[in-house]
Protein chains: 2
Amino acid sequence: MPGNRAPLSRERVLRAAVAIADAGGLGTLTMRSLARELDVKPMSLYHHVANKDEILDGIVDLVFGLIDLPSPDGDWRHELHRRSTSARRVLGRHPWAVGLLVSRTAPGPATLRHHDAVVGTLRRAGFPVDLTAHAFALLDSYVYGFVVQEAALPFRGDDGAADVTGRIMDGFSPGDYPHLVEMATGHVLLPGYDFGDEFGFGLDAVLDAIAGWLR
Amino acid sequence: MPGNRAPLSRERVLRAAVAIADAGGLGTLTMRSLARELDVKPMSLYHHVANKDEILDGIVDLVFGLIDLPSPDGDWRHELHRRSTSARRVLGRHPWAVGLLVSRTAPGPATLRHHDAVVGTLRRAGFPVDLTAHAFALLDSYVYGFVVQEAALPFRGDDGAADVTGRIMDGFSPGDYPHLVEMATGHVLLPGYDFGDEFGFGLDAVLDAIAGWLR
DNA sequence: ACCTGAACACCGTTCAAGT
DNA sequence: ACCTGAACACCGTTCAAGT
């Protein structure tokens with residue numbers, strides 16, 4: 001691993017932590033694996049972060065910092081479409097981040113800046129503060145939840161889908177879950193299907209609904 | 001703890017695991033804390049579950065089993081409204097379950113039965129299979145994502161909100177996050193506000209959108 | 001059949017010591 | 001200032017032994 005012996009820093013620690021979580025899941029991210037990745041002893045990490053909890057908060061915030069911000073001066077719908085697509089892509093690449101979200105209550109600066117830009121875009125577009133709260137809750141619920149589904153449903157990748165459909169169909173008594181079987185064999189497993197394509201469809205529906213509130 | 005010395009069973013192990021995760025978060029759920037709760041030695045657990053991973057899969061499925069199923073014969077919109085409200089309440093009580101969702105790909109029988117009932121309700125209502133997939137993705141993304149937001153955003157409980165607003169306002173340079181500050185002081189922190197109330201508003205918007213696809 | 005004691009290879013973190 | 005060795009109280013899990 002080239003360049004790993006640059007001087008340690010909070011930044012490098014967090015970046016390495018993201019890399020480990022991406023590669024093997026959150027379960028493989030330990031202070032010791034992180035130290036190994038950085039070619040350092042575990043205790044050295046504590047000079048740059050207070051503890052593992054701060055690392056978890058830090059990598060969530062780092063991931064939020066990768067999401068494109070909406071420009072408050074552009075067309076609100078176009079800007080929120082672009083940032084939502086970016087959010088889904090970024091969070092989809094680091095799905096453990098959404099998993100971590102439910103257990104932390106200390107949003108970092110990048111996360112706050114992100115939310116501030118979304119709220120600001122809605123306010124600038126003319127949404128009153130109560131409708132802005134509605135829109136914020138609806139839009140970001142959709143984005144987070146889609147990432148959860150995409151990570152959890154085994155309807156991705158060509159192999160994964162077939163795998164689980166197999167489990168559904170023969171792991172249990174035949175005839176259970178008839179509608180899931182129909183959905184799988186009649187739609188999801190057909191060549192052109194990609195669950196990820198559902199995102200844009202739902203996103204447009206959500207933005208339509210929000211746009212309707214403005215009139 | 002009365003009745004804890006009933007004979008061990010997979011059922012009792014999973015129930016105790018849920019209780020521990022509810023009380024102290026997933027981080028406090030260990031094979032050893034679980035054994036202690038059940039008044040048994042850690043190794044006894046392995047006679048009822050293969051390993052901790054199976055416990056995690058098991059408690060997610062247990063929680064899904066608590067959600068009201070829609071009846072495929074009722075009015076689809078009413079049924080999905082009822083089951084979505086139930087899902088939000090149940091998952092909101094056990095928020096770690098949604099966090100776990102992103103890292104598992106082995107849905108259990110209760111989870112599959114749940115999804116089957118939702119898909120069946122949509123099919124019975126006359127949605128073709130492709131629109132059923134759209135509706136399923138949109139609706140459940142919204143439900144999961146709302147639970148994530150409600151757990152993550154510190155906009156709940158009277159104290160929590162004030163806490164974080166404090167952090168937002170003085171922890172960082174003043175004037176950062178102006179829109180979040182406006183949203184907090186001008187809306188979210190006002191006496192009658194409860195973020196949870198946003199759920200029904202967004203749910204109706206989502207169901208409106210889905211209903212529109214049927215015509 | 002069900003439970004357990006002892007052991008192994010791990011964790012996060014502290015503390016005192018090195019450069 | 002930054003890094004580290006040794007140690008502590010924990011983990012999940014295996015294996016051989018008990019009833």
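By convention in this document, chain letters (A, B, ...) are assigned in the order of the sequence lines, proteins followed by strands, and residues within each chain are numbered from 1.
No donor-acceptor pair closer than 3.5 Å links the side chain of A/Glu37 to the backbone N or O of A/Ala16.
Looking at heavy-atom distances under 4.0 Å, A/Ser44 makes contact with a base.
Atom-to-atom, CE of B/Met31 to P of C/dC8 comes out at 20 Å; the value is rounded to the nearest Å. Across the protein-nucleic acid pair, B/Arg10 atom CZ and C/dC3 atom P stand 16 Å apart, rounded to whole Å. Note: CG (B/Leu45) to P (D/dC11) measures 13 Å, nearest angstrom. Residue A/Leu29 contributes atom CG, which lies 12 Å from atom C1' of C/dC11 at whole-angstrom precision. In this entry the distance linking CZ of A/Arg36 with C1' of D/dC3 reads 18 Å, nearest Å. For A/Ile20 and C/dG12, the CD1 to C1' distance is 15 Å, given to the nearest whole Å.
Tested against B/His134, the residues A/Phe201, A/Phe146, A/Tyr193 include a single ring pair (Phe, Tyr, Trp, His ring centres under 6.0 Å) partner, A/Phe201.
Consecutive Watson-Crick or G-U pairs involving DNA chain D, each under 3.5 Å on both distances, make up stems of three or more pairs at C:4-8 with D:12-16, C:12-16 with D:4-8.
Near DNA chain D, defined here as any heavy-atom distance below 4.0 Å, the residues from residues 47-63 of chain B are B/Asn51, B/Lys52, listed numerically.
For B/Arg32, there are no salt bridge (Lys or Arg N to Asp or Glu O under 4.0 Å) partners at least two apart in sequence or on another chain. Under the salt bridge (Lys or Arg N to Asp or Glu O under 4.0 Å) criterion, A/Glu182 pairs with B/Arg123, not counting sequence neighbours. Partners of B/Arg93 by salt bridge (Lys or Arg N to Asp or Glu O under 4.0 Å), not counting sequence neighbours: none found. With sequence neighbours left out, the salt bridge (Lys or Arg N to Asp or Glu O under 4.0 Å) criterion links B/Asp22 to no other residue.
Atom CG of A/Asp61 is separated from atom CG of A/Leu66 by 10.0 Å, given to the nearest 0.5 angstrom.
Across C/dG12, D/dC3, D/dT14, the shortest atom-to-atom separation from the side chain of B/Tyr46 is found for D/dT14. Residue A/Leu8 places its side chain closer to D/dC3 than to any other of D/dG12, C/dC11, D/dC3.
Side chains of A/Arg83 and A/His114: a donor on one and an acceptor on the other come within 3.5 Å.
A ring-centre distance under 6.0 Å is found for A/His115 and A/Phe136.
The residue among B/Lys41 and A/Met43 whose nearest nucleotide of DNA chain C is located toward the 5' end is B/Lys41.
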